[in-house]
Amino acid sequence: GGHYMGRKKYISLNQTKDIVVYREAKYSDIPELCGIVSEAFDFGSFLDNKKDLYSMTKCFLGQYFVISSFCQVAVLNGKIVGVIFGLAKTQNWPLLHFGAKIKLAPCNLGFVLKSILKPKYYRSFIGQKELYDSLEPQISGLDGDITLFAVSSEARGHGIGKNLIEQLYSHFRRHKVKRIYVLTDNMCTYEFYEKQGFERTRTGSIEIIRNNKPFVLEAYRYEKDLEY
C-alpha cells in the first residue's frame, strides 16, 4: 500500500503513560477488529451466537476493507482500540488491497446473513442496508467517504477518534478531496461528527427488530468541506 502513511505515528495519551500507536490496518488485524466493530455497531442485538457474530462481522468488515483507500488502526498497549477506513473518490485505485480481495472473495455478506440470521433480523438488516443506500450521494462533489469508523468503549474520551479522523483528513488532502461525507445512525455516537463541524444533510428512518423488540432506526448523512 504505497498510498498510505508509511510510518507509524506515536501519540501519548493525556494524563497517562500509555502510548497509542497509529499504523496502517492489515488483513491480519481483522479478527481483532471484529470485536470493536461488533460492539460499536451493536451486532449482538441481532445475534447471540459468538461464532455467527464473528462470521457476520468479518464479512461486514471485509467489504469495507477492500473498497477503502485508507485503513488505519490505533493500538494501545499492544491492543487495537480504534479503526478508521475512508475512500478518496478523486482517484482510481485499481489494485486496492488485491491480496485481501482474493482472501475475502468467498465472503458474500447477503449469503452469510441469510444463513445465520432469523428471518425477522435478516429483514431488518436488509432494510437497514437499503436505507443507507438511499442516503448515498447521487451527485458528484462529495468525493471523500468515511466508510467505517469505530473506537472501543474503553478507549473513548482520550482523543483517539479525533486523531484517527485527522489522519484520514490528511489522506484526503493528499488526494485533493474537497467535501467529505459519512453515513451514520442513532445506534452510533453520531454527535461526534457534529463536534467535528459536520452538518446533517439527509435523514431517513425505518423500523427494525433489535433484541427482539421493534426499534426505529434513524440514519443520517453528514457532510463537511475539507479545510486546507
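These numbers come from the heavy atoms of this one structure, side chains and all, not from hydrogens, waters or symmetry mates. These numbers were taken from a predicted model, which means no experiment stands behind them. Numbers for residues simply follow the sequence, beginning at 1.
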Backbone N/O of Lys213 and side chain of Asn211: donor-acceptor pair under 3.5 Å: no

pair Arg221-Pro137: side-chain heavy atoms closer than 4.5 Å: yes

Between OH on residue Tyr27 and CG on residue Leu33, distance to nearest 0.5 Å: 12.0 Å

Co-membership, hydrophobic cluster, residues Tyr121 and Val37, 4.5 Å side-chain: yes

Flag side-chain contact, heavy atom, 4.5 Å: Gln196 against Lys162: yes

Donor-acceptor contact below 3.5 Å, side chain Glu199 vs main chain Gly197: no

Pairwise distance OG(Ser124) to CD1(Ile206) - rounded to 0.5 angstrom: 7.5 Å

Side-chain donor/acceptor of Asp145 to backbone N/O of Leu87, under 3.5 Å: no

Pairwise side-chain contact, Phe46 with Gln128, heavy-atom cut-off 4.5 Å (strictly under): yes

Nearest-0.5 Å distance that lies between atom CG in Leu217 and atom CE in Met187: 5.0 Å

Presence of salt bridge, Arg200 and Glu194, under 4.0 angstrom: yes

Donor-acceptor pair, side chain of Ser45 and main chain of Arg210, under 3.5 angstrom: no

Check: Tyr220 side chain, Val182 main-chain N or O, donor-acceptor pair, under 3.5 Å: no

Heavy-atom closest contact (Ala155 atom, Val81 atom, distance): CB-CB, 3.7 Å

Hydrophobic cluster membership, Leu135 vs Ile67, 4.5 Å side-chain cutoff: no

Side chain proximity check, Phe41 to Thr57, heavy atoms < 4.5 angstrom: no

Check against side chain to side chain contact (heavy atoms under 4.5 Å, CB included), Phe125 and Lys129: CA-CA 6 Å; Phe125 234 91; Lys129 184 186 180 307; over 6 Å; no

Side-chain heavy atoms of Val112 within contact of Phe60, under 4.5 Å: no

Crowding at CD, Glu207 (>12 non-hydrogen neighbours, <6.0 Å): yes

Heavy-atom pair with the smallest gap, counting every atom of Gly141 and Arg179: O-CB, 3.5 Å

Contact check, side chains of Glu130 and Ser134, non-hydrogen atoms, under 4.5 Å: no

Separation of Asn92 CG from Ser69 OG (nearest 0.5 Å): 11.0 Å

Taking every non-hydrogen atom, the tightest pair across Asp52 and Ile116: O-CD1, 3.4 Å

Leu142 side, atom CG; Asp225 side, atom CG - distance, nearest 0.5 Å: 9.0 Å

Glu39-Ser153 side chain donor-acceptor pair, cut-off 3.5 Å: yes

Same cluster (ILVMFWY, side-chain, under 4.5 Å), Ile30 and Ile80: yes

Taking every non-hydrogen atom, the tightest pair across Val177 and Ala88: CG2-CB, 3.9 Å

Pairwise side-chain contact, Phe215 with Asn186, heavy-atom cut-off 4.5 Å (strictly under): yes

Minimum heavy-atom distance Ser205-Leu131, with the two atoms named: N-CD1, 3.8 Å

Joint cluster assignment, Ile146 & Tyr132, ILVMFWY side-chain distance < 4.5 Å: no

Verdict with reasoning, Thr147 to Phe70, per side chain to side chain contact (heavy atoms under 4.5 Å, CB included): CA-CA 9 Å; Thr147 48; Phe70 183 83; over 6 Å; no

Other residues, nucleotides, ligands: >12 heavy atoms within 6.0 Å of Lys120 NZ: yes

is_close_aromatic(Tyr181, Tyr193), centroid dist under 6.0 Å: no

Main-chain N/O of Lys26 paired to Asp29 side chain as donor or acceptor, under 3.5 Å: yes

Within-4.5 Å side-chain heavy-atom neighbours: Met56 and Leu117: yes

Check: Arg156 side chain, Val151 main-chain N or O, donor-acceptor pair, under 3.5 Å: yes

Closest contact, heavy atoms only, Glu223 versus Thr201: OE2-OG1, 2.8 Å

Connected via hydrophobic side-chain network under 4.5 Å: Ile180 and Ile165: yes

Ring pair (Phe, Tyr, Trp, His ring centres under 6.0 Å), paired with Phe149, selected from Tyr190, Phe85, Phe192: Phe192

Derivation of the side chain to side chain contact (heavy atoms under 4.5 Å, CB included) call for Lys176 and Gln91: CA-CA 9 Å; Lys176 310 290 187 287; Gln91 192 163 335; over 6 Å; no

Side chain to side chain contact (heavy atoms under 4.5 Å, CB included) between Val73 and Arg23, worked out: CA-CA 6 Å; Val73 292; Arg23 62 160 172 82; 3.5 Å; yes

